[in-house]
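Side-chain atoms are counted along with the backbone in the values below, which use heavy atoms only and exclude waters and symmetry mates. Counting convention: from 1, in listed order, for ligands and their atoms alike.
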Amino acid sequence: MADALHIGPEVTDALASGNPVVALESTIFSELGLPEPANRECFRRVQAAVRAEGAVPALCGVLEGAAVVGANFAQAERLFGGSVKIGARDLGPAAAAGLKVGVTTVSATVTLPAAAGIEVFATGGIGGVHRGAGLSGDVSTDLEALARHRVVVVSSGVKAFLDVPLTFERLETLGVTVLGWRTDRFPAFYVRDGGPQLSSTVRDGQEVAAAFRAAALGHPAGILVANPIPADAELDRDAVADAVADAEAAARREGVSGGDITPAVLAALVESTGGAVVPANIALAESNAAVAAGIATALAQHPGAGQGAVP
Ligand code: PSU
Ligand code: MN
């Protein structure tokens, strides 16, 4: 069996020097998240956005059974072609089986940076409570993972086809702090506004860092920073609602279930919008990466106990 956790050299150096690092999941950059070649384009822009703010991107995934944090170029190429989705509970079996390539979701990717000492993580949208979950019980393990790990996750809310109000309620139940990035409304992924009212708004990385460090006094949950999609990339609300209905119907017709639902609906959404969701998804992921890098930079200026110094 391979070593459980491999941290790339650039990430190791950055962590040792107290420099900012932003963890990235790999599912969004595989074909389970975005069609070729948009997945590579998305990664290129996301990692450039992280570097532009002076932070180091740490792409996470599973290769040859090991959890990799900070994939190099060749490793990233392998992850982009991955088709086995790995949630937090799948990491152990993947290691035991020596799984060749596994792409990590938010839940798995949140556990890895926590283990590596990385405090900030950027993605597109987290998983949440699916519509009809009252009957199906389908609630993404992303929410539990956020509640259990002390990490700042930046996303544009939750994926558009979920039950947004129920997901928002569940975040409260789980004790996950939600901070609106320059907004007081929970963003609706492809659409800037539309979600529930937020109780806290932040304007810069320093404010998030202050909230994160202060939260260390409370229970050890994560913080979700909700960043709306850039205005020039946002889609029409009604068009998204129609496309989501079509995509869900298509997924139901094909009889997909469990962990296959999210990739199937994402792919169907590309179809039902004539590809319009792709640039929107890339733009929001890029924006989240820039915000996350700013937060990581602020946190690096105020290191917590986990990073060696006393604030
Ligand atoms: N949102 C996207 N693209 C994605 C995902 C979310 O815009 O690819 C992925 C993330 O990796 C997320 C996962 O953690 O879907 C959630 O899957 P599920 O609903 O099966 O828990
Ligand atoms: Mn599910």
Side-chain angles (χ1 to χ4, degrees), residues 23-36 38-40 42-43 46 59-62 79-80 82-91 102-113 121-147 149 151 153-164 166-167 170 187-191 222 224 226-227 229 233 235 240 243-244 247-248 251 256-270 273 276-289:
L24 305 169
E25 60 153 317
S26 42
T27 303
I28 184 175
F29 305 121
S30 75
E31 286 186 64
L32 299 182
L34 283 163
E36 279 272 4
N39 56 343
R40 281 182 171 70
C42 187
F43 179 70
V46 161
L59 177 65
C60 301
V62 171
L79 291 172
F80 299 153
S83 56
V84 180
K85 184 175 156 188
I86 301 292
R89 70 172 184 172
D90 307 316
L91 285 165
V103 288
T104 49
T105 65
V106 171
S107 70
T109 316
V110 157
T111 70
L112 298 180
F121 167 44
T123 183
I126 61 166
V129 181
H130 283 252
R131 295 178 193 181
L135 286 176
S136 69
D138 192 356
V139 177
S140 175
T141 191
D142 288 358
L143 299 181
E144 283 286 338
L146 228 80
H149 298 281
V151 21
V153 175
V154 183
S155 86
S156 299
V158 299
K159 282 166 296 169
F161 53 88
L162 299 174
D163 187 322
V164 177
L166 270 190
T167 303
R170 189 63 63 96
F189 205 64
Y190 302 121
V191 180
L224 180 65
N227 175 35
I229 184 172
L235 301 181
V240 170
V244 165
E248 283 190 316
V256 289
S257 62
D260 294 337
I261 290 179
T262 291
V265 176
L266 285 172
L269 262 178
V270 175
T273 60
V277 289
V278 173
N281 210 331
I282 295 176
L284 65 85
E286 181 181 40
S287 170
N288 293 340

(request) Could you grab the distance from atom CG of Leu59 to atom OG of Ser26, nearest 0.5 Å is fine? (result) 5.5 Å
(request) For ligand 1, note which part of Asn281 has a heavy atom under 4.0 Å away: side chain, backbone, both or neither. (result) side chain
(request) Please check if the side chain of Lys85 supplies one atom and the backbone of Gly259 the other of a donor-acceptor pair under 3.5 Å. (result) yes
(request) Ignoring hydrogens and angles, state whether a donor on the side chain of Asn288 or Ser156 is under 3.5 Å from an acceptor on the partner side chain. (result) yes
(message) Closer than 3.5 angstrom, by distance alone: can the side chain of Asp90 be matched with the main-chain N or O of Gly87 as a donor-acceptor pair?
(response) yes
(message) Using a 3.5 Å distance criterion without hydrogens, assess whether the side chain of Thr167 forms a donor-acceptor pair with backbone atoms of Val129.
(response) yes
(message) Any nitrogen or oxygen of Ser140 lying under 3.5 Å from a nitrogen or oxygen in ligand 1? Just yes or no.
(response) yes
(message) Test side-chain contact (heavy atoms from CB on, under 4.5 Å) on Asn281 and Tyr190; report intermediate values, then the result.
(response) CA-CA 7 Å; Asn281 210 331; Tyr190 302 121; 4.2 Å; yes
(message) Can you report which non-hydrogen protein atom sits closest to atom 12 (C) of ligand 1, along with the distance?
(response) Asp142 OD2, 3.4 Å
(message) Students should be able to answer this: which protein heavy-atom is nearest to atom 19 (O) of ligand 1, and at what distance?
(response) Thr262 OG1, 2.7 Å
(message) With 2.8 Å as the threshold, which protein atoms of type N, O or S lie near the Mn ion (ligand 2)? Leave waters out.
(response) Asp138 OD1
(message) Please check: side-chain N/O of Asp142 versus main-chain N/O of Ser107, any donor-acceptor pairing under 3.5 Å?
(response) yes
(request) Tell me which protein heavy atom sits closest to atom 17 (O) of ligand 1, plus the residue, atom name and distance to 0.1 Å. (result) Lys85 NZ, 3.3 Å
(request) Can you measure from CD1 (Ile126) to OG1 (Thr141) and round to the nearest 0.5 angstrom? (result) 11.5 Å
(message) To check your reading of the model: name the closest protein heavy atom to atom 3 (N) of ligand 1, its residue, and the distance in Å.
(response) Leu266 CD1, 3.5 Å
(request) Considering only non-hydrogen protein atoms, determine which one is nearest to atom 8 (O) of ligand 1 and report residue, atom name and distance to 0.1 Å. (result) Gly33 CA, 3.4 Å
(message) Can you confirm whether more than 12 heavy atoms, excluding those of Arg40, are under 6.0 Å from its CZ atom?
(response) yes
(request) Evaluate the side-chain proximity of Arg131 to Val244: yes if any heavy-atom separation is below 4.5 Å, no if none is. (result) yes
(message) Students should be able to answer this: which protein heavy-atom is nearest to atom 9 (C) of ligand 1, and at what distance?
(response) Thr27 CG2, 4.1 Å
(message) Tell me the protein heavy atom at minimum distance from atom 7 (O) of ligand 1, and give that distance in Å.
(response) Phe189 CZ, 3.2 Å
(request) Ignoring hydrogens and angles, tell me if any N or O in the side chain of Ser287 forms a donor-acceptor pair with the backbone of Ala283 under 3.5 Å. (result) no
(request) Report the member of Glu31, His130, Lys159, Glu25 with the shortest heavy-atom distance to atom 13 (C) of ligand 1. (result) Lys159
(message) Yes or no: does Gly124 have any heavy atom under 4.0 Å from an atom of ligand 1?
(response) no
(message) Side chain or backbone, does Ile126 bring an N or O within less than 3.5 Å of an N or O on ligand 1?
(response) no
(request) For Thr105, take its heavy atoms, then give the atoms of ligand 1 lying under 4.0 Å from any of them. (result) 11 (O), 14 (O)
(message) Using 30° and 60° as the class boundaries, would you call the ring planes of Phe80 and Phe29 parallel, tilted or perpendicular?
(response) perpendicular
(message) I'd like to check which ligand 1 atoms, numbered from 1 as shown, lie under 4.0 Å from a non-hydrogen atom of Ile28.
(response) 8 (O)
(request) Output the distance between atom CD1 (Ile261) and atom CD (Glu248), rounded to the nearest 0.5 Å. (result) 9.0 Å
